[in-house]
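Just below is one structure, and these are the notes that go with it.
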There are 4 protein chains.
Amino acid sequence: MSADTGAGAPESRPHTGRRRNEAARQAILDAALRLAGAAGGEAVTIDAIAKAAGVGKQTVYRWWPSKGAVLLEALVDRAGQDVTVPEGGSLREELSSFIATTFEAAQQEPAAGVLRTLLRESGRDPHLAELLRSYTATRRGVLRELLERGRERGELPAGVEPELMVDQIYGLFWYRFVLGHGPLDSGTAQRLTDALLRG
Amino acid sequence: MSADTGAGAPESRPHTGRRRNEAARQAILDAALRLAGAAGGEAVTIDAIAKAAGVGKQTVYRWWPSKGAVLLEALVDRAGQDVTVPEGGSLREELSSFIATTFEAAQQEPAAGVLRTLLRESGRDPHLAELLRSYTATRRGVLRELLERGRERGELPAGVEPELMVDQIYGLFWYRFVLGHGPLDSGTAQRLTDALLRG
Amino acid sequence: MSADTGAGAPESRPHTGRRRNEAARQAILDAALRLAGAAGGEAVTIDAIAKAAGVGKQTVYRWWPSKGAVLLEALVDRAGQDVTVPEGGSLREELSSFIATTFEAAQQEPAAGVLRTLLRESGRDPHLAELLRSYTATRRGVLRELLERGRERGELPAGVEPELMVDQIYGLFWYRFVLGHGPLDSGTAQRLTDALLRG
Amino acid sequence: MSADTGAGAPESRPHTGRRRNEAARQAILDAALRLAGAAGGEAVTIDAIAKAAGVGKQTVYRWWPSKGAVLLEALVDRAGQDVTVPEGGSLREELSSFIATTFEAAQQEPAAGVLRTLLRESGRDPHLAELLRSYTATRRGVLRELLERGRERGELPAGVEPELMVDQIYGLFWYRFVLGHGPLDSGTAQRLTDALLRG
DNA sequence: CGATAAGCGAGACGGTACGTCGAGTCTTGTA
DNA sequence: TACAAGACTCGACGTACCGTCTCGCTTATCG
């Protein structure tokens with residue numbers, strides 16, 4: 001996400017100069033998460049993040065192209081791992097559990113605030129939109145694998161397309177998350193699962 | 001949407017002074033639509049709309065609370081009526097047609113640009129978020145009625161919740177519309193319909 | 001200096017929109033003078049001027065191209081008029097008095113601070129350099145007229161060039177003002193006058 | 001000018017580690033001169049000098065307190081020696097020649113650019129202002145000696161103060177050099193000499 | 001009719017955040 | 001210990017929009 005993670009090629013000039021300050025990176029991500037979570041959707045400015053992290057604004061811009069990129073990395077680093085893929089049950093159980101966990105995790109701060117801010121910023125910032133696209137693709141991939149495993153076990157109704165199912169699930173999630181007109185609780189997760197696996 | 005010019009309450013002083021300039025209203029809506037459609041996601045500022053409409057900024061603020069409210073009204077006035085509810089077929093036919101029409105209508109300019117801009121602005125502007133909430137509620141209502149009519153005709157599988165179905169449909173639509181990772185064509189509409197009515 | 005001073009041509013569209021706020025203009029000039037005088041040569045930032053004047057930064061930039069332009073206008077408006085041209089004496093008396101007054105006026109705050117800041121900024125800002133050039137040209141013109149009047153009365157030694165004399169006077173002034181290695185008092189003014197009129 | 005590398009005091013540890021790289025010093029001075037001369041008044045940043053010299057920024061700061069100090073040393077080392085004091089003529093001849101040479105030398109690149117940059121920076125940098133003060137004091141000293149030798153030969157008019165004459169000469173020079181409103185040629189040098197020695 | 005009350009185009013106003021630039025300092029690995 | 005490289009904190013820069021507030025003018029309605 002941030003600096004060159006891959007590289008690998010030892011290009012003769014391995015590195016010169018001062019290294020990236022990992023403490024600063026952590027402080028920035030912490031501050032971003034804290035502000036986005038606390039403000040719950042309020043305006044989170046780069047100046048505020050930098051000040052809260054005790055860091056120069058330039059240090060933020062040096063490593064991230066935009067506010068949203070910071071938040072996305074913060075989300076992935078900090079709040080991303082709490083949706084673990086359930087294993088060892090029927091597809092119905094696994095799917096229902098996965099959906100319920102996703103719903104719950106996304107609605108707790110600071111994740112909820114971060115998601116809202118990400119959505120807001122992605123409208124302005126094409127680069128973030130791209131990052132968000134690949135982030136969601138990853139998430140869809142996880143869910144899709146869960147479904148594929150179910151299909152291999154013969155638990156998926158005939159004629160069902162995993163691709164479409166995945167988008168129905170995440171689509172409903174985002175739709176309700178943004179508009180807030182309906183609940184995102186475990187009951188909903190259960191009913192959605194039933195509807196999807198019906199037939 | 002805009003301020004009620006009617007003033008239904010029979011106050012002692014019903015109206016004095018110059019009336020609202022309808023031409024200006026049209027020019028503003030036109031300009032908003034044009035900019036949002038053309039830029040296709042670019043920044044649409046109030047200054048730009050006012051200038052493009054040959055209008056003072058105050059004239060915009062006098063009648064609409066925010067940029068987004070202008071766009072929403074433009075959408076409803078101009079690009080809203082092309083999703084007509086199909087009647088006189090099986091539920092499967094009606095639903096598939098409705099979804100396909102919705103998909104298609106939303107992907108043509110200027111509607112697509114306007115929708116994108118609305119989404120973007122709704123993140124910043126709580127007032128617009130509210131408007132958008134009620135706008136989408138209206139749309140959901142239309143779809144829901146279609147489903148209810150189908151249920152009355154006994155065409156809905158048992159145990160199906162229209163509320164959830166509606167959100168699966170619009171959820172998938174927005175999810176793909178925003179991220180653009182999958183198609184929103186008539187084939188998708190058909191497969192989605194099949195999946196929903198399965199069982 | 002600031003807004004359209006000349007114009008004159010009534011161009012059919014005399015004016016539209018809100019007028020320039022004269023109070024803001026005064027507040028900005030006051031603040032600039034105060035800061036430049038108090039700091040005595042310290043960094044005077046646009047932000048500081050705007051804040052001190054209770055004005056948005058944009059209002060400064062709307063009317064002046066740079067910090068220095070503000071200061072120059074402040075100088076001309078406020079601190080410019082205290083060097084009055086003496087009349088009704090011998091050239092020697094007039095000149096000596098003019099020089100002494102110039103020396104004295106320039107060394108009092110806020111004028112001194114403003115002059116120093118102007119000099120400093122003119123190095124960075126070509127536009128200000130131009131303004132400063134024309135400002136100093138005006139000042140030279142005044143002194144030159146004084147000399148010409150003396151010449152007409154036959155009080156100027158033969159073979160003397162007023163142009164050169166003017167630059168000797170102002171040159172010495174700026175040289176000592178900037179470097180501070182010698183006094184700029186009435187004694188110096190007297191001796192300089194004597195040296196120039198000798199022969 | 002730069003840090004005394006000598007370390008004359010016989011401490012127990014006269015020197016440890018790597019010695020100063022003379023090539024780097026030369027490269028820095030070269031680069032500074034080149035940039036100041038080429039840009040002719042443009043912004044000369046420390047980063048730019050360091051990069052142009054193929055040197056780390058720290059190496060500049062290790063040996064010079066500021067950008068201006070670099071430039072001043074460059075000026076003294078490279079462009080300073082071309083104003084030789086003429087000897088063996090009448091005071092009038094010597095003075096006229098000295099002034100003309102000064103005028104000419106200062107107007108050629110890179111000296112002119114360096115002088116302008118020095119002047120500009122001295123406004124920001126108090127340390128440089130001090131250096132510049134002592135540099136100009138040296139120059140004044142040279143000119144003053146020339147005048148004193150003339151006085152001893154009885155070539156100076158009675159009642160003339162060398163101190164004032166020196167400042168009239170250098171004052172006029174800087175004044176015209178900065179503002180550029182009048183020529184600094186040999187004719188001017190001649191007329192200035194005549195004016196100063198009149199009487 | 002005049003008085004009063006809007007609406008209008010224009011644009012200046014106080015603010016807030018932006019993303020960039022340069023300064024001087026600090027931290028690497030290498031020489 | 002100096003050096004090239006380059007990351008760091010800091011502070012000012014000039015710009016972009018925001019939503020509000022005058023201006024002078026143009027319509028309308030009312031007494």
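Reckoned from all heavy atoms, side chains included, excluding hydrogens, waters and symmetry mates. Throughout, protein chains are lettered first and strands after them, A, B, ... in sequence-line order, and every chain is numbered starting at 1.
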Length of the CD1-C1' vector between A:Ile46 and F:dC10, whole Å: 16 Å
Donor-acceptor contact present, side-chain B:Lys57 to main-chain B:Ala50, <3.5 Å: no
Can you name the residues that form a side chain to side chain donor-acceptor pair (under 3.5 Å) with B:Arg133, not counting sequence neighbours? B:Glu130
Identify, with sequence neighbours excluded, every residue that meets side-chain contact (heavy atoms from CB on, under 4.5 Å) alongside D:Pro126. none
Name all residues meeting the side chain to side chain donor-acceptor pair (under 3.5 Å) criterion together with A:Arg19; count only those two or more places apart in sequence or in a different chain, and write none if there are none. A:His15
Who are the side chain to side chain donor-acceptor pair (under 3.5 Å) partners of B:Thr59, not counting sequence neighbours? none
Please figure out whether C:Thr45 or A:Ala24 has its closest DNA chain F nucleotide nearer the 5' end. A:Ala24
For DNA chain E, find the residues of residues 54-62 of chain C with a heavy-atom distance under 4.0 Å and give them by number; none if there aren't any. C:Gly54, C:Val55, C:Gly56, C:Gln58, C:Thr59, C:Arg62
Qualifying residues under salt bridge (charged side-chain N to carboxylate O under 4.0 Å, His left out), relative to D:Arg124, sequence neighbours excluded: C:Glu121
How close or far is atom C1' of F:dC18 from atom CG of B:Asp47, stated in whole angstroms? 8 Å
Non-neighbouring partners of B:Leu29 that pass side-chain contact (heavy atoms from CB on, under 4.5 Å), sequence neighbours left out: B:Arg25, B:Trp64, B:Val70, B:Glu73, B:Ala74, B:Asp77, B:Arg78
Earlier contact from the 5' end, DNA chain E, for B:Ala50 and A:Lys67: B:Ala50
Using whole Å, what does the distance between atom P of nucleotide F:dC17 and atom CG of B:Leu35 come to? 12 Å
Contacts of D:Ala48 that satisfy side-chain contact (heavy atoms from CB on, under 4.5 Å) - sequence neighbours left out: D:Leu35, D:Thr45
Send over the distance from B:Arg20 CZ to E:dA5 C1', rounded to a whole Å. 18 Å
5'-most contact on DNA chain F (nearest-nucleotide basis), B:Gly17 vs A:Gly17, goes to A:Gly17
For atom CH2 of A:Trp64 and atom C1' of F:dA7, their distance in whole Å: 13 Å
Between F:dT9 (P) and A:Ile49 (CD1): distance, integer Å: 14 Å
May I ask you to evaluate whether C:Trp63 reaches the phosphate of E:dG11, defined as a side-chain N or O under 4.0 Å from OP1 or OP2? no
Expressed in angstrom and rounded to an integer, what is the separation of D:Glu22 atom CD from F:dA2 atom C1'? 14 Å
Whole-Å distance between F:dC13 P and C:Asp125 CG? 12 Å
Polar pairs (N or O, both sides) under 3.5 Å between protein and nucleotides 24-26 of chain F?
residue, atom, partner, partner atom, Å
F:dG24, OP1, C:Arg19, NH2, 3.2
F:dT26, O2, B:Arg18, NH1, 3.1

Taking C-beta and beyond as the side chain, do C:Ile49 and C:Lys67 meet within less than 4.5 Å on heavy atoms? yes
